[in-house]
Amino acid sequence: MKLILAIVSNDDSSKVSKELTKARFSVTKLATTGGFLMAGNTTFLVGTDDEKVDEVINIIGAHSKKRTQMVPSSASYGVGMYTSFPVEVQVGGATIFVLPVERFEKL
């Protein structure tokens with residue numbers, strides 16, 4: 001048995017959740033915030049049998065799209081002088097961790 005932790009953009013969260021549920025996976029959703037852009041994410045917890053891990057990852061990957069976004073950045077030009085300019089970064093997609101489960105009980 002495995003525990004899958006998948007961090008997905010809030011923009012893709014509802015579609016990922018719907019498709020995992022439609023495929024009959026039990027899903028727990030947690031509201032989380034990323035450290036780099038301080039943007040909202042959803043972290044999914046999915047417990048499943050070893051042979052179904054790839055199916056879960058494929059569903060998440062199919063519904064988590066990467067996009068580019070402009071974010072402010074600052075540069076220093078000497079002592080006490082800063083300027084802000086936009087930088088294009090890639091956001092979205094999914095970050096997935098697969099962990100072994102030693103014991104599972106549903107009470």
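Below, all heavy atoms of this structure are taken into account, side chains as well, without hydrogens, waters or symmetry copies. The chain is numbered in sequence order, starting from 1.
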(message) Applying side-chain contact (heavy atoms from CB on, under 4.5 Å) to D12 and H63, what does each step give before you reach the verdict?
(response) CA-CA 7 Å; D12 300 321; H63 301 288; 5.9 Å; no
I'd like a table of donor-acceptor pairs (distance under 3.5 Å, sequence neighbours excluded) in which one partner is a side-chain atom from residues 95-107, with atom names and distances.
{"residue": "R103", "atom": "NE", "partner": "E105", "partner atom": "OE2", "Å": "2.5"}
{"residue": "R103", "atom": "NH2", "partner": "E105", "partner atom": "OE2", "Å": "2.1"}

(message) If you apply the rule side-chain contact (heavy atoms from CB on, under 4.5 Å), what do you find for D49 with M1, and how did you get there?
(response) CA-CA 4 Å; D49 296 322; M1 176 158 248; 4.3 Å; yes
(request) Check the pair F25, I59 against side-chain contact (heavy atoms from CB on, under 4.5 Å), reporting the backbone distance first and the verdict last. (result) CA-CA 11 Å; F25 289 103; I59 290 169; 4.1 Å; yes
(request) State whether the number of non-hydrogen atoms from other residues, nucleotides or ligands found under 6.0 Å of K52 atom NZ is greater than 12. (result) no
(message) Test of understanding: clusters of I, L, V, M, F, W, Y form through side-chain heavy atoms closer than 4.5 Å, transitively. Do L3 and V27 belong to the same one?
(response) no
(request) Compare all side-chain heavy atoms of I60 with those of F44 and state whether any distance is below 4.5 angstrom. (result) no
(message) Is the shortest side-chain heavy-atom distance between L5 and L45 below 4.5 Å?
(response) yes
(message) Could you see if I7 belongs to whatever hydrophobic cluster contains I4? Use Ile, Leu, Val, Met, Phe, Trp, Tyr and a side-chain cutoff under 4.5 Å.
(response) no
(request) Can you measure from OG1 (T42) to CG (L30) and round to the nearest 0.5 angstrom? (result) 9.0 Å
(request) Please name the pair of heavy atoms, one in V16 and one in S64, separated by the smallest distance, quoted to 0.1 Å. (result) CG2-OG, 3.6 Å
(message) Using a 3.5 Å distance criterion without hydrogens, assess whether the side chain of S17 forms a donor-acceptor pair with backbone atoms of S13.
(response) no
